[in-house]
Amino acid sequence: MSMSYVPEFGLHFPHAYVTPKKNGDGEYEDPKKSLVNKCLTSCSGWVTEYNMCVQRVQTRTDGKGTCIWQYEELGMCTDHCVAHDIFSYVK
């Protein structure tokens, strides 16, 4: 007796689909921009770390120093947060 093939891979769809919004020009808005603003609250530790680094670099008189590592960590945190919700915007 053979069993019928029932595909289960890739059938996990998001629970809710969010319809795309249009701006005043009639173009669709990027949903990531609104989600990033929401996610900055959950990444507040990295935001303060980045802001403290920017203040340290601005107070230096020799012009050396960057905050690239703090900026990348902040970006990774926001990308991780956005990844949880972004797929509800994709059909």
Side-chain angles (χ1 to χ4, degrees):
M1 181 183 270
S2 64
M3 302 295 265
S4 62
Y5 175 71
V6 179
E8 293 183 13
F9 179 75
L11 294 179
H12 302 286
F13 298 108
H15 298 288
Y17 173 69
V18 181
T19 56
K21 298 177 185 174
K22 290 187 177 184
N23 59 11
D25 297 335
E27 296 180 4
Y28 289 105
E29 293 181 3
D30 185 12
K32 183 180 177 186
K33 292 179 183 178
S34 62
L35 291 174
V36 166
N37 293 334
K38 184 180 76 171
C39 287
L40 284 177
T41 57
S42 65
C43 298
S44 63
W46 289 111
V47 172
T48 56
E49 184 80 24
Y50 176 70
N51 289 335
M52 289 187 329
C53 178
V54 169
Q55 289 176 354
R56 281 194 309 269
V57 169
Q58 287 177 346
T59 58
R60 292 181 67 147
T61 57
D62 59 359
K64 294 182 180 178
T66 64
C67 298
I68 190 70
W69 301 113
Q70 288 83 358
Y71 182 75
E72 286 182 3
E73 290 290 338
L74 175 62
M76 285 194 304
C77 181
T78 56
D79 286 346
H80 180 75
C81 177
V82 166
H84 294 290
D85 295 330
I86 194 72
F87 290 105
S88 62
Y89 292 86
V90 178
K91 268 190 170 180

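The shown structure was predicted, so the numbers you read here are calculated from the model rather than taken from an experiment.
- Applying the ring pair (Phe, Tyr, Trp, His ring centres under 6.0 Å) test to pairs two or more places apart or on separate chains, those with a residue in residues 22-52 are Tyr50-Tyr71.
- The CD atom of Glu27 sits 10.0 Å away from atom NZ of Lys22, with the distance rounded to the nearest 0.5 Å.
- Rounding to the nearest 0.5 Å places CD of Glu73 at 12.0 Å from SG of Cys53.
- The salt bridge (charged side-chain N to carboxylate O under 4.0 Å, His left out) test applied to Asp79 returns Lys32, not counting sequence neighbours.
- Using a 4.5 Å heavy-atom cutoff, the side chains of Val47 and Thr41 are not in contact.
- Closest of all the heavy-atom pairs between Val57 and Gly65 is CG1-O, 3.5 Å.
- As summarised for Cys43 and Cys81, their two SG atoms remain at a distance no smaller than 2.5 angstrom, missing the threshold.
- Evaluation of the side-chain hydrogen bond (donor to acceptor under 3.5 Å, both in side chains) rule for Asp25 yields no partner, not counting sequence neighbours.
- You'll find the side chain of Gln70 stays beyond 4.5 Å of the side chain of Leu74, heavy atoms only.
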